[in-house]
Amino acid sequence: MERITVVLRAQDPISQAGVASQLRARPEVSVVERDEGEPTPQVVVMVVDAVDDEVLRVLRNIQRTSTCRTVLVTTDIDEQKLVSAAECGVAGVVRRSESTPEHLVQVIGTVARGEGHLPSDLLGRLLEEVGRLQGQVLGPRGLHFTGLAAREVDVLRLVAEGYDTADIATKLAYSERTIKNVLHSVMTRLQLRNRSHAVAYAMRQGLI
């Protein structure tokens, strides 16, 4: 079995040493130092007490400068910080009180496979928070977590129904140029190949 390469980041030396010693005893993972010149590690494990602005800054930097997947081990996290952490690329969250070596290695393996992990109660709270943000913050501004604005959804829905650009412009009371611009913007922003690909994306997101 190929070992998963892991870089460990902790806010204090005791946590760094403690978690490192636990992980080094496990055959499933290989703990590497950031300055060893090793190939890019697969997973970053970040151990913190709470998710504050500094932690989010570090997480954003990891997301921006590497292809690592991130596991966050934290004492406490609320719904809003959970959303912020997810936006910074965190794929797995483990409470420090539950971070036995066995459980932490299991989560590292899950994240390394491209999957995600949340404690079940946090998953429910995250879904509630996403729903609240959509209803109270994004929805009134015509935005969606999917990356599509309400007007874009309307255009894609009519494309899916077989209408051409002129018909869509008439139905939505826009110019044909505006409809073309909307479609071009969606396809460019989401890296979609053509109208059919854009429609398929909207269908997968449950929008149409």
Side-chain angles (χ1 to χ4, degrees), residues 40 42 44 51-53 55-72 77-93 110-208:
T40 301
Q42 295 164 270
V44 174
V51 180
D52 56 19
D53 290 342
V55 169
L56 293 175
R57 185 192 65 77
V58 174
L59 290 172
R60 278 192 292 270
N61 185 60
I62 294 171
Q63 182 185 39
R64 186 174 61 252
T65 60
S66 76
T67 58
C68 300
R69 307 267 292 167
T70 304
V71 173
L72 182 64
I77 188 168
D78 61 22
E79 298 90 314
Q80 293 181 346
K81 293 299 186 183
L82 186 57
V83 171
S84 297
E87 290 174 343
C88 295
V90 169
V93 175
T110 297
V111 168
R113 291 193 300 270
E115 303 170 13
H117 172 84
L118 282 178
S120 57
D121 65 305
L122 281 182
L123 177 59
R125 286 157 57 187
L126 176 62
L127 292 174
E128 289 178 2
E129 180 66 9
V130 167
R132 185 193 71 79
L133 289 173
Q134 178 63 63
Q136 298 179 16
V137 180
L138 299 180
R141 293 171 171 80
L143 301 174
H144 296 268
F145 269 105
T146 57
L148 294 175
R151 181 172 70 171
E152 294 170 337
V153 174
D154 291 339
V155 170
L156 290 176
R157 185 178 294 115
L158 291 173
V159 170
E161 292 174 5
Y163 291 101
D164 61 20
T165 302
D167 292 332
I168 296 172
T170 299
K171 284 183 171 292
L172 297 180
Y174 294 125
S175 68
E176 289 187 43
R177 177 180 293 275
T178 297
I179 300 303
K180 291 178 181 177
N181 288 342
V182 168
L183 287 169
H184 177 73
S185 174
V186 169
M187 290 186 287
T188 300
R189 190 172 71 248
L190 301 178
Q191 299 181 333
L192 304 170
R193 294 185 299 275
N194 49 43
R195 290 188 178 198
S196 297
H197 194 191
V199 168
Y201 173 87
M203 292 179 70
R204 285 197 303 271
Q205 297 296 330
L207 297 171
I208 59 177

Rounded to the nearest 0.5 Å, what separation is found between the [atom1] atom of [X] and the [atom2] atom of [Y]?
{"X": "L172", "Y": "D167", "atom1": "CG", "atom2": "CG", "result": "10.5 Å"}
{"X": "D154", "Y": "K171", "atom1": "CG", "atom2": "NZ", "result": "12.0 Å"}
{"X": "E161", "Y": "L156", "atom1": "CD", "atom2": "CG", "result": "11.5 Å"}
{"X": "L59", "Y": "E87", "atom1": "CG", "atom2": "CD", "result": "11.5 Å"}
{"X": "C88", "Y": "N61", "atom1": "SG", "atom2": "CG", "result": "10.5 Å"}
{"X": "T165", "Y": "L158", "atom1": "OG1", "atom2": "CG", "result": "11.0 Å"}

Exercise for review: Output every pair passing salt bridge (charged side-chain N to carboxylate O under 4.0 Å, His left out) with a member in residues 57-70, not counting sequence neighbours, ordered by first then second residue.
Suggested key: E54-R57
Which heavy atom of [X] sits nearest to which heavy atom of [Y], and what is that distance?
{"X": "L192", "Y": "H197", "result": "CA-ND1, 3.4 Å"}
{"X": "A160", "Y": "V199", "result": "CB-CG1, 3.6 Å"}
{"X": "V159", "Y": "R195", "result": "CG1-CB, 4.3 Å"}
{"X": "M187", "Y": "N194", "result": "SD-C, 3.2 Å"}
{"X": "G116", "Y": "T110", "result": "O-CG2, 3.7 Å"}
{"X": "V44", "Y": "C68", "result": "CG2-CB, 3.7 Å"}

Exercise for review: Step through the shown structure and confirm whether more than 12 heavy atoms of other residues, nucleotides or ligands are within 6.0 Å of CG on D53.
Suggested key: no
Identify every side-chain donor-acceptor pair in residues 173-180 under 3.5 Å, counting partners at least two apart or on other chains, and give the distances.
residue : atom : partner : partner atom : Å
S175    : OG   : T178    : N            : 3.1
S175    : OG   : T178    : OG1          : 2.9

Review point. R113: what forms a salt bridge (Lys or Arg N to Asp or Glu O under 4.0 Å) with it, not counting sequence neighbours?
Key: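 With neighbours one apart ignored, the set is E115.
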Review point. Do the side chains of L82 and L118 get nearer than 4.5 Å, heavy atoms only?
Key: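 They are in side-chain contact.
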Point to revise | Side-chain heavy atoms of V155 within contact of E152, under 4.5 Å | key: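 They are not in side-chain contact.
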